[in-house]
Amino acid sequence: MSSMFGKPRAGGERPPQTPLAECNVAILGCQGAGKSALTVKFLTKRFISEYDPNLEDTYASEELVDQQPVLLKVMDTADQDGPGNCERYLHWASAFLVVYSIDNRESFEGCQRYLEILAQHMRGCQCRSPVLLLGNKLDMEQYRAVSPACPRRKDKWMLPWCSPACRQVPAAEGMSLARRFGCLFYEVSACQDFVGVQHVFHEAVREVRRQ
Ligand code: GDP
Ligand code: MG
């Protein structure tokens with residue numbers, strides 16, 4: 001497949017008539033995984049903690065990735081019940097970010113369904129769009145949740161054994177799932193540094209350029 005991106009120009013200037021190369025990125029995953037928070041962080045550098053879970057929208061941002069301009073379009077999807085009705089993004093996107101939350105195993109299991117649908121779609125159309133698997137909410141790793149099963153949880157003090165970390169999905173599991181589906185894997189946090197979030201969106205563009 002030929003790249004839709006032109007060769008880099010000296011000085012990074014583009015003539016006024018040349019349309020900007022485009023890259024369409026769809027963000028998929030279960031409700032609550034942090035798709036909207038990641039999208040908003042990437043576009044505004046801000047963390048918005050409450051976002052309408054049913055709102056789906058597409059945004060565009062002119063980005064410079066490795067000194068080459070690109071019009072990056074981001075579809076922040078909001079599937080109500082998993083990837084049942086996925087045609088709208090399967091045919092639109094040139095890359096996919098599949099998001100789960102490291103503190104929620106269900107969201108990890110849910111994103112396997114997305115990876116399967118994507119793999120099936122790519123087999124069907126004999127195309128190959130890059131997929132990046134993202135474990136979001138990395139900041140939650142530092143917190144500890146009190147297990148409801150712990151007999152000492154009403155005590156003023158808590159022993160380490162009765163307060164497992166909030167992380168429910170080890171990084172190794174994310175990595176191994178990504179390997180199984182041939183995707184890149186990153187852990188990120190929408191509420192921490194912007195650079196880590198920007199990096200994964202720019203990596204998606206780089207992967208599309210490599211196609
Ligand atoms: P979506 O349904 O996948 O779009 O999820 P949202 O972006 O609406 O986020 C769901 C909830 O997770 C919200 O309460 C967010 O504030 C929270 N959230 C999203 N990203 C992060 C993150 O990186 N860290 C933490 N601690 N919370 C997050
Ligand atoms: Mg959302």
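Whatever order the structure lists ligands and atoms in, that order sets their numbers, starting from 1.
When distances to the Mg ion (ligand 2) are checked against a cut-off of 2.8 Å, Ser36 contributes an N, O or S atom below that limit.
Looking at Lys35 and Asp79, no side-chain N of the basic residue comes within less than 4.0 Å of a carboxylate O on the acidic one, giving no salt bridge. Classification of Glu56 and Arg88 as a salt-bridged pair holds, one side-chain N sitting under 4.0 Å from a carboxylate O. Residues Arg167 and Asp103 are not paired through a salt bridge, judged by the lack of any N-O separation under 4.0 Å between the basic side chain and the carboxylate.
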Give every pair formed by an N or O atom of ligand 1 and a protein N or O atom closer than 3.5 Å, one pair per line with both atom names and the distance to 0.1 Å, or write none.
residue: ligand 1; atom: 2 (O); partner: Gly32; partner atom: N; Å: 2.8
residue: ligand 1; atom: 3 (O); partner: Ala33; partner atom: N; Å: 3.3
residue: ligand 1; atom: 3 (O); partner: Gly34; partner atom: N; Å: 3.0
residue: ligand 1; atom: 3 (O); partner: Lys35; partner atom: N; Å: 2.9
residue: ligand 1; atom: 3 (O); partner: Lys35; partner atom: NZ; Å: 2.8
residue: ligand 1; atom: 4 (O); partner: Ser36; partner atom: N; Å: 3.0
residue: ligand 1; atom: 4 (O); partner: Ser36; partner atom: OG; Å: 2.9
residue: ligand 1; atom: 5 (O); partner: Gly34; partner atom: N; Å: 3.1
residue: ligand 1; atom: 7 (O); partner: Ser36; partner atom: N; Å: 3.3
residue: ligand 1; atom: 7 (O); partner: Ala37; partner atom: N; Å: 2.8
residue: ligand 1; atom: 12 (O); partner: Lys137; partner atom: NZ; Å: 2.9
residue: ligand 1; atom: 14 (O); partner: Ser49; partner atom: O; Å: 3.2
residue: ligand 1; atom: 16 (O); partner: Ser49; partner atom: O; Å: 2.5
residue: ligand 1; atom: 20 (N); partner: Asn136; partner atom: ND2; Å: 3.2
residue: ligand 1; atom: 23 (O); partner: Asn136; partner atom: OD1; Å: 3.3
residue: ligand 1; atom: 23 (O); partner: Asp139; partner atom: OD1; Å: 3.4
residue: ligand 1; atom: 23 (O); partner: Ala190; partner atom: N; Å: 2.8
residue: ligand 1; atom: 24 (N); partner: Asp139; partner atom: OD1; Å: 2.8
residue: ligand 1; atom: 24 (N); partner: Asp139; partner atom: OD2; Å: 3.4
residue: ligand 1; atom: 26 (N); partner: Asp139; partner atom: OD2; Å: 2.8

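No option in Phe201, Phe47, Tyr59 other than Phe201 meets the ring pair (Phe, Tyr, Trp, His ring centres under 6.0 Å) test with Phe42.
Using bins of under 30°, 30° to 60° and over 60° for the plane-to-plane angle, the ring pair Tyr89/Phe96 lands in the perpendicular bin.
Around atom CD of Glu116, more than 12 heavy atoms belonging to other residues, nucleotides or ligands sit under 6.0 Å away.
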